[in-house]
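Worksheet: one structure, shown below.
Just the heavy atoms: all of them, side chains too, but no hydrogens, waters or symmetry mates, feed the values below.
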Protein chains: 4
Amino acid sequence: MDRRQRSALSRFREGGHAWWETAISDVRPGHIVIRGEPIERLIESASYAGVVGLLVGNLRLSGGQSRLLEAALVAGVDHGVRAPSIAAARMAATCGIPLNCAVATGINLLGDDHGGAGEQCMELLYETAAAAHDATSLSSVAEKIVAGRLGSDEKLPGFGHQLHKDHDPRRRPMLSLIDQAVAAGEIQGSFAGAALALEAALARAKGRPLGLNVDGVTAIVYCELGLPPAAAKGLFCLSRGVGIVAHALEEMQSGDRIKGPLPPGDDMVKYTGPAETSSR
Amino acid sequence: MDRRQRSALSRFREGGHAWWETAISDVRPGHIVIRGEPIERLIESASYAGVVGLLVGNLRLSGGQSRLLEAALVAGVDHGVRAPSIAAARMAATCGIPLNCAVATGINLLGDDHGGAGEQCMELLYETAAAAHDATSLSSVAEKIVAGRLGSDEKLPGFGHQLHKDHDPRRRPMLSLIDQAVAAGEIQGSFAGAALALEAALARAKGRPLGLNVDGVTAIVYCELGLPPAAAKGLFCLSRGVGIVAHALEEMQSGDRIKGPLPPGDDMVKYTGPAETSSR
Amino acid sequence: MDRRQRSALSRFREGGHAWWETAISDVRPGHIVIRGEPIERLIESASYAGVVGLLVGNLRLSGGQSRLLEAALVAGVDHGVRAPSIAAARMAATCGIPLNCAVATGINLLGDDHGGAGEQCMELLYETAAAAHDATSLSSVAEKIVAGRLGSDEKLPGFGHQLHKDHDPRRRPMLSLIDQAVAAGEIQGSFAGAALALEAALARAKGRPLGLNVDGVTAIVYCELGLPPAAAKGLFCLSRGVGIVAHALEEMQSGDRIKGPLPPGDDMVKYTGPAETSSR
Amino acid sequence: MDRRQRSALSRFREGGHAWWETAISDVRPGHIVIRGEPIERLIESASYAGVVGLLVGNLRLSGGQSRLLEAALVAGVDHGVRAPSIAAARMAATCGIPLNCAVATGINLLGDDHGGAGEQCMELLYETAAAAHDATSLSSVAEKIVAGRLGSDEKLPGFGHQLHKDHDPRRRPMLSLIDQAVAAGEIQGSFAGAALALEAALARAKGRPLGLNVDGVTAIVYCELGLPPAAAKGLFCLSRGVGIVAHALEEMQSGDRIKGPLPPGDDMVKYTGPAETSSR
């Protein structure tokens with residue numbers, strides 16, 4: 001039976017399971033232990049990114065790996081007030097709800113279309129790397145995959161950007177850090193290779209460059225570190241969450257009440273329904 | 001007129017303002033600039049905590065200050081599945097919504113009573129430090145403030161913990177790092193002093209220790225760095241957010257569907273309303 | 001001790017209480033009983049508004065009373081796409097999250113400043129009616145209350161509307177229905193009287209009419225039916241919720257992806273932070 | 001190109017569209033017009049369910065049709081505190097956030113697995129009715145569809161209930177009202193027929209009854225009225241929303257702070273991660 005069909009209750013009734021089970025944390029009087037690590041030690045010596053790796057991915061990252069994950073988290077912190085998530089969080093902050101609820105509003109919008117490209121790109125990179133057995137075949141594998149996607153009118157997640165046509169400014173510094181990490185032996189680099197092969201194949205197929213965007217370069221990092229694709233949306237919450245917190249707080253501190261998407265008096269709102277029926 | 005009474009539209013009509021104004025980020029084709037810093041530079045050299053300070057608090061933190069903020073973010077990452085925010089996020093993850101929406105569910109619960117003690121403790125520390133003009137008076141100032149709160153049956157936010165009666169395990173390592181930062185000249189230490197004076201006064205008044213908890217020790221850090229109290233709830237979103245992401249993902253990967261707070265068959269749910277009226 | 005200071009756990013440990021207690025519903029195999037009423041009977045003979053009164057207020061409303069509550073719910077269903085709640089829900093609907101999550105986004109914004117005037121107006125009406133012992137004194141009581149509020153630069157919740165300067169179109173039909181219900185003996189009319197006395201006193205004090213708005217006329221109904229002020233925000237969720245569902249669904253069906261508050265190319269977004277620092 | 005691939009900006013740039021377009025409401029000073037109907041008329045003469053049909057489905061329902069839709073909304077109002085949506089809303093209400101935010105928390109959980117069966121059942125009913133050209137073939141069409149689903153280990157959405165094994169108590173009264181509406185010529189009854197044919201085929205295939213549940217009987221109503229499947233989740237928000245509001249308010253009024261899913265001291269929480277590593 002498909003796991004998705006099994007209710008929590010069914011599994012519980014099979015026996016052997018507590019209702020709430022977790023391998024993440026054990027909390028008792030005077031003790032907070034996270035994946036075996038006492039919280040004292042994490043406070044003293046773990047970085048935020050290292051703790052993200054530990055909790056979210058059950059990974060013990062090296063210093064260099066943590067630094068790479070940190071850069072990926074930094075890369076996505078903000079993309080301005082026009083992003084729906086940021087705008088919604090700012091509007092929420094003017095409606096008389098606590099800051100955390102305004103932040104939750106923004107994070108609620110980081111869904112499959114707004115924050116999902118990272119996950120989809122990770123799946124693409126895992127698929128590409130799995131299909132390429134050796135360096136020689138990588139280019140043709142990438143070509144085949146790109147052709148398949150374009151042939152069915154699909155976009156390649158992680159490539160191209162509506163605003164940053166020429167280049168996503170986050171591409172170059174992230175690829176640089178990835179290169180350094182490969183050189184230092186911190187990561188293998190096979191997913192970076194897959195991503196660059198796809199980028200090249202896509203450019204050839206399109207006849208113009210459609211480079212890796214922020215979702216693409218962070219997906220490389222997440223794959224290199226061994227995170228599952230399903231984690232990507234969660235990591236984006238922690239990354240873009242910084243901008244959401246900052247924007248919601250800025251708006252809250254402005255003291256404005258009830259800010260909608262735009263002021264009245266323009267032609268940006270149009271009613272397309274039936275005219276008012278005559279009164280009785 | 002009170003600022004809270006002024007609508008966004010009123011301010012806009014006064015002129016001189018764009019509908020959407022922000023000092024946080026400037027995003028144009030090929031450019032993402034955050035408080036004057038190009039995103040490229042942040043990716044290359046800023047830590048996550050440093051970027052949090054920059055975006056949320058408009059602060060240029062030193063390395064040592066960033067490290068202290070990072071430790072504060074790490075301190076609150078998780079407190080187990082019994083916390084309402086974590087439990088709600090896990091239940092959400094079994095209801096067929098994307099991971100980010102489950103995360104938003106958890107963050108929505110970090111309100112005044114669940115995640116608000118940090119903000120209230122910051123206000124308390126700012127008040128205490130402002131009232132104490134010199135080291136000699138600090139102890140008596142703290143005594144007066146504690147007496148005032150206890151006299152009106154108020155709790156002191158940031159002190160005591162329902163579960164960790166003897167000591168909050170996050171207190172000692174955080175105070176240690178704070179001490180080191182004072183010694184290194186990274187922070188002044190006046191808010192640490194205020195907090196310890198309050199802790200001592202509270203112990204004397206109560207006749208038993210009621211030590212600084214995680215909200216208290218992180219509030220010290222936020223005050224030392226010059227953050228506004230209103231930011232505390234936002235920082236907690238980024239801190240506990242790590243645990244929320246990890247727990248929601250773990251639950252989602254379990255494949256369980258529709259997990260409520262507890263299984264049937266116990267005496268933990270009681271109906272206290274009227275008996276069923278007889279059928280017609 | 002203040003009730004707000006008592007944790008759920010403290011009460012539980014005092015004994016005599018189940019962890020989850022409710023007087024609302026009793027659900028067992030084959031049985032769903034709501035405040036003593038079997039669900040079968042509610043389906044067969046209760047109106048939506050009647051069920052709202054039963055669940056939310058523990059009220060057994062007459063047909064006429066239910067009709068009045070229904071009109072109040074209808075009055076607030078929508079106020080267009082410029083409202084932050086509606087706009088946020090529509091933006092959410094373009095981000096790749098399920099419809100219910102887009103609806104939750106909108107409802108999250110109906111906070112103290114966006115959806116809280118009803119609750120505040122109910123408190124005002126309860127205060128006014130309690131202070132007025134007889135019809136003769138009502139006018140002077142209202143005058144005193146209005147003067148007190150205006151003297152401390154407070155707005156009167158439930159009066160005036162930024163857009164509908166001359167009259168809120170929902171005022172007249174609601175007052176009409178309220179009059180009819182008083183005439184039919186369904187409600188007493190004392191809160192309607194209080195509201196009209198406040199409206200008259202406010203007009204005298206301001207030298208221009210500042211009539212009852214939708215929050216004011218629905219607050220009258222909720223007070224007449226004996227609902228607590230704290231319920232108002234919940235009722236507004238069910239009322240404006242209709243518009244939120246409709247708008248989110250319309251936007252979702254449009255097929256658009258990632259709609260922000262406004263398109264690029266205008267002067268409605270302004271960056272007010274520092275200029276980009278020179279690169280290294 | 002797939003519509004899902006088109007960004008809001010791409011459509012806008014094609015021209016001919018305002019950024020915000022809606023056929024739902026037109027709001028100007030002194031005027032609120034909803035799908036051509038002035039709000040005054042709706043307040044005076046429309047029922048809540050009628051307005052739901054108008055806004056959500058662009059339907060002008062007759063009195064009998066509105067009554068049927070109302071019964072469907074009433075049927076789903078509550079299913080007790082063990083439902084994740086209700087429990088999460090109650091926990092949220094103890095965390096110091098406004099009532100509307102607690103309600104939004106609950107609604108956020110009504111996702112594909114918790115509140116999505118209605119939509120899936122509508123698709124099933126539309127598919128079944130479309131495949132059955134006449135009454136003679138309906139039974140064999142249903143049999144084929146049931147066999148197909150069971151053969152691929154899928155559940156039939158809208159049938160069976162984990163708790164109400166013998167019968168969902170909402171089935172009988174809803175089918176009764178549906179029958180009456182068919183008899184009165186308010187609806188055609190073809191989707192009721194399809195649902196009953198599926199129910200019979202499922203019972204034969206399983207060798208035991210697996211009757212229509214609340215999602216199934218409300219799906220019949222929504223199909224009969226011509227609503228799109230995508231609307232079902234929104235309608236459930238307005239239906240279960242009543243219970244969510246009532247439960248959140250009850251919990252808020254209890255005065256409890258920070259209620260988790262269950263009290264400490266039991267065996268319902270289990271840590272399955274690594275043991276604490278020895279301290280340094």
Side-chain angles (χ1 to χ4, degrees), chain B residues 1-2 4-5 7-10 17-29 31 33-38 40-41 44-45 58 84 92 95-98 100-101 104-105 108 112-113 152-155 162-163 261-262 264 266-280, chain C residues 1-2 4-5 7-10 17-29 31 33-38 40-41 44-45 58 82 84 95-98 100-101 104-105 108 112-113 152-155 162-163 261-262 264 266-280:
Chain B
M1 184 194 287
D2 185 351
R4 300 284 298 153
Q5 302 267 347
S7 74
L9 183 52
S10 303
H17 289 287
W19 186 253
W20 293 98
E21 282 190 359
T22 181
I24 298 172
S25 54
D26 186 24
V27 177
R28 285 163 290 122
H31 288 265
V33 179
I34 292 179
R35 296 201 185 274
E37 303 289 331
E40 291 88 336
R41 194 184 305 161
E44 282 160 7
S45 57
N58 194 19
C95 291
I97 61 175
N100 66 295
C101 295
T105 299
N108 218 26
D112 287 344
D113 289 331
S152 50
D153 264 344
E154 283 174 69
K155 281 190 178 172
Q162 191 158 248
L163 181 69
L262 69 189
D266 55 67
D267 55 355
M268 283 208 227
V269 174
K270 193 164 120 190
Y271 173 66
T272 61
E276 185 171 346
T277 59
S278 62
S279 295
R280 285 168 303 178
Chain C
M1 184 194 288
D2 184 352
R4 301 283 300 153
Q5 302 268 347
S7 74
L9 183 52
S10 303
H17 288 287
W19 186 252
W20 293 99
E21 282 189 1
T22 181
I24 297 171
S25 56
D26 186 24
V27 177
R28 286 164 289 122
H31 289 264
V33 178
I34 292 179
R35 296 200 185 274
E37 303 290 330
E40 292 88 335
R41 194 183 306 161
E44 282 161 6
S45 56
N58 195 18
R82 291 178 192 276
C95 290
I97 61 175
N100 66 296
C101 295
T105 299
N108 218 27
D112 287 345
D113 289 331
S152 49
D153 264 344
E154 283 174 69
K155 281 190 179 173
Q162 190 158 249
L163 181 70
L262 70 187
D266 53 68
D267 56 356
M268 285 208 224
V269 174
K270 192 164 121 192
Y271 173 65
T272 61
E276 186 171 347
T277 59
S278 62
S279 295
R280 284 170 301 178

>> On a heavy-atom basis, which atom in C/Gln162 and which in B/Ser7 lie closest, and how many Å separate them?
In response: OE1-OG, 2.7 Å
> Got a sec, which residues hit salt bridge (Lys or Arg N to Asp or Glu O under 4.0 Å) with B/Glu37, two or more places apart in sequence or on another chain?
Replying inline: B/Arg41, B/Arg60
> Contact part of B/Pro264 toward chain C, heavy-atom cut-off under 4.5 Å: side chain, backbone, both or neither?
Replying inline: neither
>> Taking every non-hydrogen pair under 4.5 Å, which of C/Val33, C/Leu9, C/Thr22 racks up the most with chain B?
In response: C/Thr22
> Can you name the residues that form a salt bridge (Lys or Arg N to Asp or Glu O under 4.0 Å) with C/Arg82, not counting sequence neighbours?
Replying inline: A/Asp266
> What part of B/Asp267 lies closer than 4.5 angstrom to a heavy atom of chain C: side chain, backbone, both or neither?
Replying inline: backbone
>> Heavy-atom cut-off 4.5 Å, strictly under: side chain, backbone, both or neither for B/Leu262 against chain C?
In response: side chain
> Under a 4.5 Å heavy-atom cut-off, does chain C meet the side chain of B/Ser25, its backbone, both or neither?
Replying inline: backbone
> So which heavy atom on B/Cys101 is nearest to which on C/Cys101, and how close?
Replying inline: SG-SG, 3.8 Å
>> For C/Asn108, which atoms come within 4.5 Å of any heavy atom of chain B: side chain, backbone, both, or neither?
In response: side chain
>> How close do B/Ile24 and C/Tyr271 get, counting heavy atoms only, and between which atoms?
In response: C-CE1, 3.9 Å
>> For a quick test of reading the model, state the closest non-hydrogen atom pair linking B/Pro98 to C/Pro98 and the distance between them.
In response: CD-CD, 3.4 Å
>> For B/Asn100, which atoms come within 4.5 Å of any heavy atom of chain C: side chain, backbone, both, or neither?
In response: side chain
